[in-house]
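Take a look at the structure below.
Since this is a predicted model, take the numbers as computed values, not measurements. Chain letters run A, B, ... following the sequence lines, proteins first, then strands; residues in each count from 1.
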Amino acid sequence: MIKITFPDNSVREYPQGTTGIQIAESISPRLAQDVLAVGVNGQTWDLTRPINEDASVKLYKWEDAEGKHAFWHTSAHLMAEALQALYPNIKFGIGPAIENGFYYDVDNEENPIKESDLPVIEAKMMELQSLSEPLIRQDVTKKDALQLFTSRNETYKEELISELEDGTITIYQQGQFVDLCRGPHLPNTAPIKAIKLLSVAGAYWRGDETRKQLTRIYGITFPKKKMLDEYLDFLEEAKKRDHRKLGKELELFAFSQSVGQGLPLWLPKGTMLRDLLEQYLKKIQKKYGYQQVMTPHIGQKELWITSGHYAKYGKDSFQPIRTPQEGEEFLLKPMNCPHHCEIYKTAPRSYKDLPLRFAEFGTVYRYEQSGELHGLTRVRGFTQDDAHLFCRPDQLKDEFLKVMDIVFIIFNALNFKNFEAQISLRDPNNKEKYIGTDENWEKAERAIVEACQEKGLDAKVELGEAAFYGPKLDFMVKDAIGRRWQLGTIQVDYNLPERFELEYMGADNQKHRPVMIHRAPFGSMERFVAVLIEHTGGNFPLWLTPEQAVILPISEKYNDYAKKVAAYLEENDIRASVDDRNEKIGRKIRDNEVKKTPYMLIVGEKEAENDEISVRKHGEGDKGMMKFTTFAEILNQEVESMMNAWQK
RNA sequence: GCCACAAUAGCGUAGUUGGUAGCGCAAAUCAUUCGUAAUGAUUAGGUCGCCGGUUCGAGUCCGGCUUGUGGCUCCA
């Protein structure tokens, strides 16, 4: 007998070789039906794999990430089985479960899979699923595995196997389909009741641009048809929050083919929103000792040769601007750091002057690959809420922590609760990609890791994701359909101060090198606004919304009174307008609900007599009458408290 | 940049064997002067993204380009 420990620490005895599914059956038939995989001493196993020693066991259902993972991984195999049945010469790459569903990379050489083929593949999957074929796990030697997949002409699998260690190789078979696979899987395909193949895409083999591009087929499956319908509904709903759609509907920004790809035009309302965000951050930065600076949009090419950016990005960027002067070349600035370094150098600095914090909403231009452009989140011209902090080494951690505070203030004000933090460090195996000494890198990386620890911030560490001049701490927020975008960023840099020969005079009367922090709490105004639109669905907080109130006269007879109210509100810094169209009140209300204006102020005979308004709140309805002066006071108080919450 | 898909009026869209473009909203005009999610009528608006080809004839078929969408790669 073996002892099985459950998550609640209860222990039961089972015969040696008991499987996860048998354990589930011993507890309840319902559980046996719902269970998808089993955790054995922290590893996820197949339900049919015998457990031969004492173990702590957790049964995973659909609600558990591990359960979904096994479900979707098996679905990927089911799709592969269907593909093989339909296209006998198809070759398989990899086919994992992902956050929402699964994919398989395939190579159907002469006849690549197209979107129009998906329904046929789906139908075949259904057909095979109805057979409820078992997935059979088998340990194999490297030799046998190579032989098996070579005989099947699976060249991609051969490559994968050749890199594996003998004795660790397992294969899974269901029906005619055999796959190199670590597992775990469902016992059989029976639970996969609802199937939807979503899209096809090109994907480079092993993520390497220089290698062959395979066809990646994305799909998702569920144990119930209803769950699939709900998921598809969710995707439909998410489309309504797409910032590109709302940006157009709410007249925030636009693109023009004549202006160029990835070069957004900010419309009046979008500009208002962006301005308000900038003012908010400026106010915070002022409190935190920043000084605003302004620098030109271009600079001599030599600036970026000095910084190292030209060597790394020069040929893939907007090309230099020439002048009538032979040999003179300027670059559109792709970042603000060199300019800010030059500001630092305008005066001799003393250790007493530091830290210096130069902030600028700096517009930069980067020639992103055409395929990368995406709404406002990835553009070729954008404005960073940039600042560069120059400090003494002993001030670094404190400065870094204060920058983190600003990021948290911003995220908090806009209700970004589910952000993820990522520490991006050097790839230790690929150091030639980076500039600067090992010593400086280690100092910088340590500073970030320690700052996160001090703040109790649970940050994921990613190797190889650092900028070429220094490590960074990034804050990522998801968009409406779950794509992650980097917003705030904080970077520690020992390298640029050296390249620009920045100095300060220490208390010891010796010259020292300052440390630099690059930081942008929003990241870029464009991307931040994009993610904000998707988070709010266009229902912006009152302090930020371009139009806070609209006055709706019942008929044209009350237009003059409406204008009087509007003038008062404007005098009191409230953004309001009059809807004086010749329409019925019901129509005006509807249109302004659709425009998501927070307050509708309805005025007719009753209101005009007493300097009153009828207040209607967006999404809530009629709030009754009040003096318009009272309304202005209440609204301004609300805005005030929202904008100053961070100071408490 | 690569793979797949798409592009019809300001916006959203119909147009299924190729036969000369509809609809809704918005706009303009007129009537109506209205009390909490769409008043009615009339009018105007389209070289069907661009260039080329096939054809008696192309929104529709073919090729190239541009722009966009979903991914891959990239992201200072």
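At the heavy-atom level, S116(A) lies nowhere under 4.0 Å from the strands shown. Counting any heavy atom pair closer than 4.0 Å across all strands shown, Q261(A) reaches sugar-phosphate atoms only and no base atom. Residue G586(A) is in sugar-phosphate contact alone, with no base atom involved, counting any heavy-atom pair closer than 4.0 Å across all strands shown. No engagement by F255(A) is indicated, since no non-hydrogen atom pair under 4.0 Å with the nucleic acid exists. The residue S317(A) sits close to a base: some heavy atom pair falls under 4.0 Å. As judged by a 4.0 angstrom heavy-atom cut-off over every strand, A201(A) is placed among the base-contacting residues. Heavy atoms of G260(A) sit nowhere under 4.0 angstrom from any nucleic acid atom. If you check every strand for non-hydrogen atoms under 4.0 Å, Y103(A) touches nothing. As judged by a 4.0 angstrom heavy-atom cut-off over every strand, H518(A) is placed among residues making no nucleic acid contact. Residue contacts for K606(A): at a heavy-atom cut-off of 4.0 Å it reaches a base atom on one of the strands shown. Among the atoms of the strands shown, base atoms are found under 4.0 Å from some heavy atom of E605(A). Contact annotation for K472(A): backbone-only contact, meaning every heavy-atom pair under 4.0 Å involves sugar-phosphate atoms and none involves a base. Residue-level contact check: E607(A) touches the bases, meaning some heavy atom is under 4.0 Å from a base atom. The residue E556(A) sits close to a base: some heavy atom pair falls under 4.0 Å.
Across L542(A) and Q548(A), no two heavy atoms sit closer than the pair O-NE2, 3.0 Å. When all heavy atoms of K606(A) and N610(A) are compared, the closest pair comes out as O-ND2, 3.4 Å.
G19(B) and G57(B) have their P atoms separated by 14 Å, with the value rounded to a whole Å. C5(B) and U42(B) are spaced 44 Å apart, taking the P atom of each and rounding to whole Å. Taking the C1' atom of each, G24(B) and A14(B) are spaced 11 Å apart, rounded to whole Å. Comparing U69(B) with U33(B), their C1' atoms sit 47 Å apart, to the nearest whole Å. Rounded to the nearest Å, the gap between the P atom of C72(B) and that of G46(B) is 41 Å. A distance of about 25 Å separates the C1' atoms of U16(B) and G53(B), rounded to the whole Å. Straight-line distance between the C1' atoms of U66(B) and C51(B): roughly 10 Å, to the nearest whole Å. For the P atom pair drawn from A21(B) and C34(B), the interatomic distance equals 45 Å after rounding to whole Å.
Taking the side chain of S555(A) as heavy atoms from C-beta on, and the options C2(B), U33(B), A76(B), the nearest nucleotide is U33(B). Side-chain atoms of I602(A) lie closest to G35(B) of the nucleotides G70(B), G71(B), G35(B). Side-chain proximity of F468(A) to A76(B), G35(B), C72(B): nearest is A76(B). Taking every side-chain heavy atom of K114(A) into account, C5(B) is the closest of A37(B), C5(B), G71(B). When distances run from any side-chain atom of R378(A) to the nucleotides A76(B), C74(B), G70(B), the shortest one goes to C74(B). Checking A76(B), C74(B), C3(B) against the side-chain heavy atoms of Q213(A) singles out C3(B) as nearest. With U33(B), A76(B), A37(B) as the candidates, the nucleotide lying closest to the side chain of I589(A) is A37(B).
Within the 3.5 Å criterion, the main-chain N or O of G619(A) finds a donor-acceptor partner in the side chain of E593(A).
Salt bridge annotation for R483(A)-E534(A): absent, with no cationic side-chain nitrogen under 4.0 angstrom from a carboxylate oxygen. A salt bridge links K478(A) with E99(A): at least one charged nitrogen is closer than 4.0 Å to a carboxylate oxygen.
The 12-atom threshold is exceeded at NZ of K345(A), counting heavy atoms of other residues, nucleotides or ligands nearer than 6.0 Å. Counting heavy-atom neighbours within 6.0 Å of K627(A) NZ, excluding the residue itself, gives a total above 12. The environment of NZ in K196(A) is sparse: at most 12 heavy-atom neighbours from other residues, nucleotides or ligands sit within 6.0 Å.
Residue Y218(A) and nucleotide G71(B) are not classified as a stacked aromatic pair, given the requirement of ring centres less than 5.5 Å apart at an interplanar angle below 30°.
The distance from atom CD of E372(A) to atom P of U69(B) is 12 Å, rounded to the nearest whole Å. Distance, K248(A) NZ to G68(B) P: 11 Å, rounded to whole Å. Here C72(B) presents its P atom at 11 Å from CD1 of I94(A), a figure rounded to the nearest Å. The separation between L198(A) atom CG and A4(B) atom C1' is 14 Å, rounded to whole Å. Following rounding to the nearest Å, W205(A) (CH2) and C2(B) (C1') show an atom-to-atom distance of 18 Å. Whole-Å rounding puts the L552(A) CG to U33(B) C1' distance at 15 Å. Distance, I585(A) CD1 to U33(B) C1': 12 Å, rounded to whole Å. Atom NE2 of H618(A) is separated from atom P of A37(B) by 14 Å (rounded to the nearest Å).
Shown here are the side-chain hydrogen bond (donor to acceptor under 3.5 Å, both in side chains) partners of E237(A), two or more places apart in sequence or in another chain: K240(A).
Screening T489(A), N336(A), T363(A) for a side chain to side chain donor-acceptor pair (under 3.5 Å) with Q384(A), the sole residue that qualifies is N336(A).
Distances shown here put every side-chain N or O of H374(A) at or beyond 4.0 Å from the OP1 or OP2 atom of G71(B). Between R581(A) and A28(B), a side-chain N or O to OP1/OP2 separation shorter than 4.0 Å is absent. Using a 4.0 Å cut-off, no side-chain N or O of Q257(A) falls inside it from OP1 or OP2 of U67(B). Contact annotation: R527(A) side-chain N/O to C75(B) OP1/OP2 distance is not under 4.0 Å. Residue Q369(A) places no side-chain N or O under 4.0 Å from the OP1 or OP2 atom of C75(B). OP1 or OP2 of C34(B) has at least one side-chain nitrogen or oxygen of K557(A) nearer than 4.0 Å. Remark: R206(A) is not in phosphate contact with U73(B), judged by side-chain N or O atoms under 4.0 Å from OP1 or OP2.
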Legend entry - Chi angles and distances behind the salt bridge (charged side-chain N to carboxylate O under 4.0 Å, His left out) call for K557(A), E605(A): CA-CA 9 Å; K557(A) 280 194 272 184; E605(A) 192 179 358; over 6 Å; no
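Using a 3.5 Å distance cut-off with no hydrogens or angles, the side chains of T295(A) and K333(A) do pair a donor with an acceptor.
Secondary-structure annotation of RNA chain B gives the stems B:1-7 with B:66-72, B:10-13 with B:22-25, B:27-31 with B:39-43, B:49-53 with B:61-65, with a stem taken as at least 3 successive Watson-Crick or G-U pairs whose two distances both fall under 3.5 Å.
At a cut-off of 3.5 angstrom, counting only N and O atoms as typed in the model, there is no donor on one side facing an acceptor on the other between the side-chain of E115(A) and the base of G71(B).
For I481(A) and R590(A), each mapped to the nucleotide of RNA chain B holding its nearest heavy atom, the one lying further toward the 5' end belongs to R590(A).
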